[in-house]
Amino acid sequence: MLSKKEKELIAEIWGKLLPVAEDIGSDALLRMFSSYPGTKTYFSHLDISARSSHLLSHGKKIVEAIAEGAQDISQLAVNLGPLQTLHAYQLRIDPSNFKLFSHCMLVTLACHMGDDFTPVAHAAMDKYLSAFAAMLALKYR
Amino acid sequence: MVDWTDAERAAIVSLWGKINVAEIGPQALARLLIVYPWTQRHFGAFGNISTNAAILGNQKVADHGKIVMGGLERAVKNLDNIKEVYKTLSVKHSDIIHVDPDNFRLLAEIITICVGAKFGSAGINPDAQAAWQKFLSAVVSALGRQYH
């Protein structure tokens, strides 16, 4: 459950990260590919080496979706509809990978925000990413 | 036994060398109790942990954080023998403290996040993170190994 304060904090943080969506997204992806090589199997059709245009644009896309969801968390079910369908019927990424990506995103955020990644921000962000991942997997079966 | 490349050994030792146990340990344990509140079930004897502020200011939590983090030293010094190093500690967590081993994984993830917050992207790049997480996975596995 996210409190009103937590929702506001999450919206604020992602609002500030949007201008560097490419950097944040590609960093999180790269960390995931390095620590969990099995996740690379979903990207055999792309060049996912560091700073590649594919990695940057893909990272940007993901962060923009997460940031957009953060602006109105109570409407997550509605706003994620198209992405739910995409992941369930086309991408079919095993949802266990969402946890791996979320963890790497938290590491990226910690690296980027330093002291500003307070325990409160950490808890709120962990909860939001968990909710986002659960919502994304909702149409799988 | 875990296979470590030279690069992995170097990354783990280097990262450990930078980590201040007295600083990261308390932060990591406090975050465990804040981010995953159900873990507080093991800390009833630690006094007031009813709010985030209470947890962050609790000396027993801080002291215990230092002990837990300091416990990693033995693993860093014995990378080729981690299972043996934590045998007794694993039995203790299973038979005496009764900790769900999944908690070890949660704490390991939080330690990595704290290290990230402290050293930034340059201090723990993707390859260093991978080596560090492989190390922590070995520790987590060793701690859960004697459960029965």
Side-chain angles (χ1 to χ4, degrees), chain A residues 1-3 5-6 9-10 13 17 20 22-40 48-52 55 59 96 99-131, chain B residues 5 7-8 11-12 15 23-24 26-40 49 51-58 61-62 65 102 105-137 140:
Chain A
M1 269 179 347
L2 285 163
S3 70
K5 263 193 171 174
E6 284 177 318
L9 180 59
I10 292 161
I13 291 174
L17 292 173
V20 286
E22 232 180 33
D23 296 329
I24 297 292
S26 60
D27 189 64
L29 281 171
L30 205 53
R31 285 178 186 278
M32 184 181 72
F33 295 144
S34 301
S35 283
Y36 312 107
T39 57
K40 292 192 286 187
I48 50 172
S49 54
R51 310 308 300 173
S52 78
L55 189 73
S96 59
K99 266 196 182 180
L100 304 180
F101 181 72
S102 295
H103 168 69
C104 290
M105 177 55 81
L106 290 175
V107 175
T108 294
L109 293 176
C111 286
H112 185 82
M113 295 170 64
D115 288 340
D116 287 343
F117 197 61
T118 62
V120 170
H122 178 171
M125 198 55 77
D126 189 296
K127 289 197 279 186
Y128 171 60
L129 291 177
S130 299
Chain B
T5 65
E8 284 170 340
I12 293 161
L15 209 46
E23 184 186 8
I24 303 283
Q27 277 175 17
L29 189 59
R31 281 177 190 249
L32 182 73
L33 300 175
I34 290 169
V35 178
Y36 307 114
W38 54 90
T39 57
Q40 292 169 21
I49 50 170
T51 64
N52 289 349
I55 291 169
L56 289 163
N58 187 308
V61 171
D102 201 55
R105 187 185 54 79
L106 294 179
L107 183 60
E109 288 175 358
I110 289 183
I111 287 172
T112 303
I113 289 166
C114 287
V115 169
K118 176 72 187 178
F119 298 117
S121 250
I124 177 167
N125 65 26
D127 286 336
Q129 179 186 342
W132 178 248
Q133 289 191 177
K134 184 174 166 180
F135 164 67
L136 289 179
S137 297
V140 165

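In what follows, every chain begins at residue 1, and chains take the letters A, B, ... in the order their sequences are listed.
- The part of A/Y36 that comes within reach of chain B is its side chain, from C-beta onward, which places non-hydrogen atoms under 4.5 angstrom from that chain.
- Listed here is the closest heavy atom pair of A/H122 and B/I110: CE1-CG1, 4.1 Å.
- For B/L56, the part sitting under 4.5 Å from any heavy atom of chain A is the side chain, from C-beta outward, and nothing else.
- Residues satisfying the side-chain contact (heavy atoms from CB on, under 4.5 Å) criterion with B/E8, sequence neighbours excluded, are B/W4, B/T5, B/A131, B/K134.
- Here B/I124 is the residue among B/V115, B/I124, B/N52, B/D127 with the most heavy-atom pairs under 4.5 Å with chain A.
- Annotation: side chain of B/I113 is in contact with side chain of A/H103 (closest heavy-atom distance under 4.5 Å).
- Taken from CG in A/L30 to CG in B/N125, the straight-line distance is 9.0 Å, to the nearest 0.5 Å.
- In this structure B/A117 satisfies the side-chain contact (heavy atoms from CB on, under 4.5 Å) test together with A/A110, sequence neighbours excluded.
- Residue contact with chain B, scored on non-hydrogen atoms closer than 4.5 Å, is absent for A/T108.
- Nearest heavy-atom pair across A/S35 and B/A130 is OG-CA, 3.3 Å.
- Ranked by non-hydrogen atom pairs under 4.5 Å with chain B, the options A/T118, A/V120, A/D115, A/L109 are led by A/T118.
- In this structure, chain A has a heavy atom under 4.5 Å from the side chain of B/Q133, while its backbone stays farther away.
- Nearest heavy-atom pair across B/I34 and A/P119 is CD1-CB, 3.8 Å.
- Contacts between B/F119 and chain A at a heavy-atom distance below 4.5 Å are absent for every atom of the residue.
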